[in-house]
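Here is the structure we will look at, set down as structure tokens.
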Amino acid sequence: MSANSSLVNLFELTTLGLPSTHIYPAFVFGTLTYLIIVFCNLLVILTIVVSKRLHKPMFLLLINLTISDVLGASAFFPHLVFSILTQNRMISTPACTIQAFLIHLYGIANLLVLSAMAYDRYIAICNPLKYNAIMSSSIIIRIIFLIWVSDFLLIVTLLALTFQCKICRTNIVDLYCNNPSLLKLACGDTTMSNYYGIFLTCIALVGSVLIIAFTYIQILRTCVMTNNIDARKKAIQTCGTHLVVFLILQINSSFTIFSHRFQNVSPFLRRAFGVSVLIFPPFLDPIIYGLKTKELKQSMIMFLKRHVRSTK
């Protein structure tokens with residue numbers, strides 16, 4: 001099909017390849033996974049909102065991480081489970097654009113929020129006496145505002161550059177709409193989009209790695225030098241939890257992005273890692289933080305008990 005991007009009404013996503021006997025089990029599994037993700041993340045959000053003792057910079061940033069997780073999962077799962085049930089992999093241009101926008105918004109937001117959380121832990125552990133002054137409520141609000149505004153502008157620019165290109169094909173090579181897959185549908189000059197994509201990759205992936213590396217080296221140095229064993233143990237546990245969450249997202253995102261730039265990478269592996277970016281972080285983030293962060297775990301248990309009693 002040869003058409004301008006403004007004339008393409010439908011795209012076709014890569015087939016799921018499910019045999020007829022697996023359609024309903026896959027539909028149920030996908031629906032349950034999405035509902036669990038939404039429930040767990042909303043539980044974290046509501047617990048932090050209603051618990052005044054959790055109104056601290058780290059937990060305010062955690063709220064934004066869970067909001068981002070819900071956005072990413074909601075961009076992917078509803079269309080996936082619908083297409084499983086109907087066996088129809090067509091998606092309209094507006095729906096594809098919205099899906100790509102939300103998925104990229106989720107990915108960049110998670111990396112930026114996790115970087116901000118690493119900086120918060122760095123200040124709390126390495127400069128505890130200045131923590132309240134540096135990480136005040138007004139500064140946290142500014143950081144959160146900057147994260148979402150910069151994220152929004154970066155992704156809008158990315159997709160605007162892509163849709164300025166002439167679209168000549170309609171078969172998307174991935175299981176969901178994303179910028180690299182959409183760019184492969186273009187037959188015109190995509191140099192500007194490619195350069196901007198590299199720039200965005202450097203900001204998001206490389207930038208977050210540098211921030212995490214710097215803050216964790218400083219934290220590790222402080223932990224080694226401290227004589228307080230309990231403080232050292234608490235710091236390592238908190239940072240370990242954060243590092244696990246970051247590595248899950250970073251490894252999957254990096255492989256997915258770079259695999260689009262190398263022709264010899266298996267399409268199956270690229271799709272598997274691409275889907276894992278939208279499943280594992282949203283699924284594991286609230287569980288990891290809920291189990292490993294003592295204050296949050298206790299508040300979640302109290303929140304659930306209070307509402308269970310109120311329903312009786």
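Residue numbers count from 1 along this sequence.
- Here the side chain of N132 pairs no donor or acceptor atom with the backbone of K130 at under 3.5 angstrom.
- Counting heavy atoms from C-beta outward, Q99 and H104 have side chains that stay 4.5 Å or more apart.
- When only modelled atom types and interatomic distance are considered, S181 and N178 share a side-chain donor-acceptor pair under 3.5 Å.
- Residues I279 and L35 do not share a hydrophobic cluster, clusters being chains of Ile/Leu/Val/Met/Phe/Trp/Tyr side chains in contact below 4.5 Å.
- Y34 and S74 share a donor-acceptor pair across their side chains, judged by distance under 3.5 Å alone.
- The only option from I63, L43, T66 that meets the side-chain contact (heavy atoms from CB on, under 4.5 Å) definition with I48 turns out to be I63.
- The neighbour count for R261 CZ, taken as heavy atoms of other residues, nucleotides or ligands under 6.0 Å away, is above 12.
- The distance between the ring centers of F152 and F101 falls below 6.0 angstrom.
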Check step by step if side chain to side chain contact (heavy atoms under 4.5 Å, CB included) holds for I288 and V244. CA-CA 9 Å; I288 291 172; V244 168; 4.0 Å; yes
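- Judged by distance alone, with hydrogens and angles left aside, the side-chain atoms of S193 form a donor-acceptor pair with the main-chain N or O of L161 at under 3.5 Å.
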Test F163 against L182 for side chain to side chain contact (heavy atoms under 4.5 Å, CB included), laying out the working first. CA-CA 8 Å; F163 279 102; L182 289 170; 3.9 Å; yes
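- L158 CG to L105 CG: the interatomic distance, rounded to the nearest 0.5 Å, is 11.5 Å.
- When atom types are taken as modelled, the side chain of S92 and the backbone of A95 share a donor-acceptor pair closer than 3.5 angstrom.
- Closest of all the heavy-atom pairs between Y289 and M117 is OH-CE, 3.5 Å.
- D174 and H260 are linked by a side-chain donor-acceptor pair at a separation below 3.5 angstrom, with hydrogens and angles left out of the test.
- The local environment of CE in M90 is crowded, with over 12 non-hydrogen atoms from other residues, nucleotides or ligands closer than 6.0 Å.
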Using side chain to side chain contact (heavy atoms under 4.5 Å, CB included), reason through I91 and L10 one step at a time and then give a plain yes or no. CA-CA 6 Å; I91 185 170; L10 288 172; over 6 Å; no
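- The backbone N or O of I251 lies less than 3.5 Å from no partner atom in the side chain of S254, so there is not a single donor-acceptor pair.
- V209 is not connected to I217 by any chain of hydrophobic side-chain contacts under 4.5 Å among Ile, Leu, Val, Met, Phe, Trp and Tyr, and they are in different clusters.
- Side-chain contact check for V113 versus S68: every heavy-atom pair is 4.5 Å or farther apart.
- Between the side chain of N9 and the backbone N or O of T93 there is no donor-acceptor pair closer than 3.5 Å.
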ring-ring contact (aromatic ring centres under 6.0 Å, His included) assessment of F214 paired with Y122: CA-CA 9 Å; F214 170 77; Y122 160 67; 5.6 Å; yes
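- Note that CD1 of I211 and CZ of F246 are 9.0 Å apart. Values are rounded to the nearest 0.5 Å.
- A side-chain donor-acceptor contact under 3.5 Å links N252 and S276.
- Between the S150 side chain and the I147 main chain, a donor and an acceptor come within less than 3.5 Å of each other.
- By the salt bridge (Lys or Arg N to Asp or Glu O under 4.0 Å) test, R121 is found to be paired with no residue, residues two or more places apart in sequence or in another chain being considered.
- Not one N or O on the side chain of T190 forms a donor-acceptor pair closer than 3.5 Å with the backbone of A186.
- Using a 4.5 Å cut-off between side-chain heavy atoms of Ile, Leu, Val, Met, Phe, Trp and Tyr, with links allowed through other members, L159 and V149 fall into the same hydrophobic cluster.
- Nearest heavy-atom pair across A133 and I139 is O-CD1, 3.9 Å.
- Shown here for T215 and A118, the closest heavy-atom pair between the two residues is OG1-CB, 3.6 Å.
- Contact check for Y131 versus P57: side-chain heavy atoms found under the 4.5 Å cut-off.
- Looking only at distances, a side-chain donor or acceptor of Y196 sits under 3.5 Å from a matching main-chain atom of L154.
- Remark: the H242 side chain and the Y216 side chain contain an N/O donor-acceptor pair separated by less than 3.5 Å.
- Shown here are the side-chain contact (heavy atoms from CB on, under 4.5 Å) partners of L249, two or more places apart in sequence or in another chain: Y106, N110, L111, L114, S253, V277, P281.
- In this structure, L80 and L175 have side chains that are not in contact, with every pair of non-hydrogen atoms separated by 4.5 Å or more.
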Step by step, would you call T201 with F258 a side chain to side chain contact (heavy atoms under 4.5 Å, CB included)? CA-CA 9 Å; T201 300; F258 289 115; 4.1 Å; yes
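- For the 3.5 Å distance criterion, the side chains of T15 and R89 fail to qualify, holding no donor opposite an acceptor.
- In terms of hydrophobic clustering, with Ile, Leu, Val, Met, Phe, Trp and Tyr side chains grouped at heavy-atom distances under 4.5 Å, V156 and F199 are assigned to a common cluster.
- Nearest heavy-atom pair, I212 versus S115, reported as atom, atom and distance to 0.1 Å: CD1-CA, 4.3 Å.
- Here OG of S137 is found 10.5 Å from NE2 of H55. Values are rounded to the nearest 0.5 Å.
- Taking hydrophobic clusters as Ile, Leu, Val, Met, Phe, Trp and Tyr residues chained together by side-chain heavy-atom distances below 4.5 Å, F29 does not share a cluster with V38.
- Atom OG of S259 and atom CZ of F273 lie 9.0 Å apart (nearest 0.5 Å).
- Rounding to the nearest 0.5 Å gives a distance of 10.5 Å between CG of L54 and CE of M300.
- Inter-residue side-chain proximity for L85 and Y24 is flagged as met; some heavy-atom pair is nearer than 4.5 Å.
- In this structure, the side chains of T170 and L185 stay at 4.5 Å or more apart for every pair of heavy atoms.
- A 4.5 Å side-chain heavy-atom check between L146 and I143 finds every atom pair outside the cut-off.
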Walk me through it: do N179 and T162 pass the test side-chain hydrogen bond (donor to acceptor under 3.5 Å, both in side chains)? CA-CA 7 Å; N179 189 68; T162 297; 2.3 Å; yes
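- T293 contributes no side-chain N or O that, together with a main-chain N or O of E295, makes up a donor-acceptor pair within less than 3.5 Å.
- Taking each heavy atom of Q250 and L205 in turn, the nearest pair found is NE2-O, 3.4 Å.
- Partners of K297 by salt bridge (Lys or Arg N to Asp or Glu O under 4.0 Å), not counting sequence neighbours: none found.
- With E12 contributing its side chain and N171 its backbone, the two residues share no donor-acceptor pair below 3.5 Å.
- Here the closest non-hydrogen pair linking G72 and L278 is O-CD2, 3.9 Å.
- A distance of 8.0 Å separates OG in S266 from CZ in R271, rounded to the nearest 0.5 Å.
- Two residues are said to be in side-chain contact when any heavy atoms from C-beta on lie closer than 4.5 Å; T97 and C177 fail this criterion.
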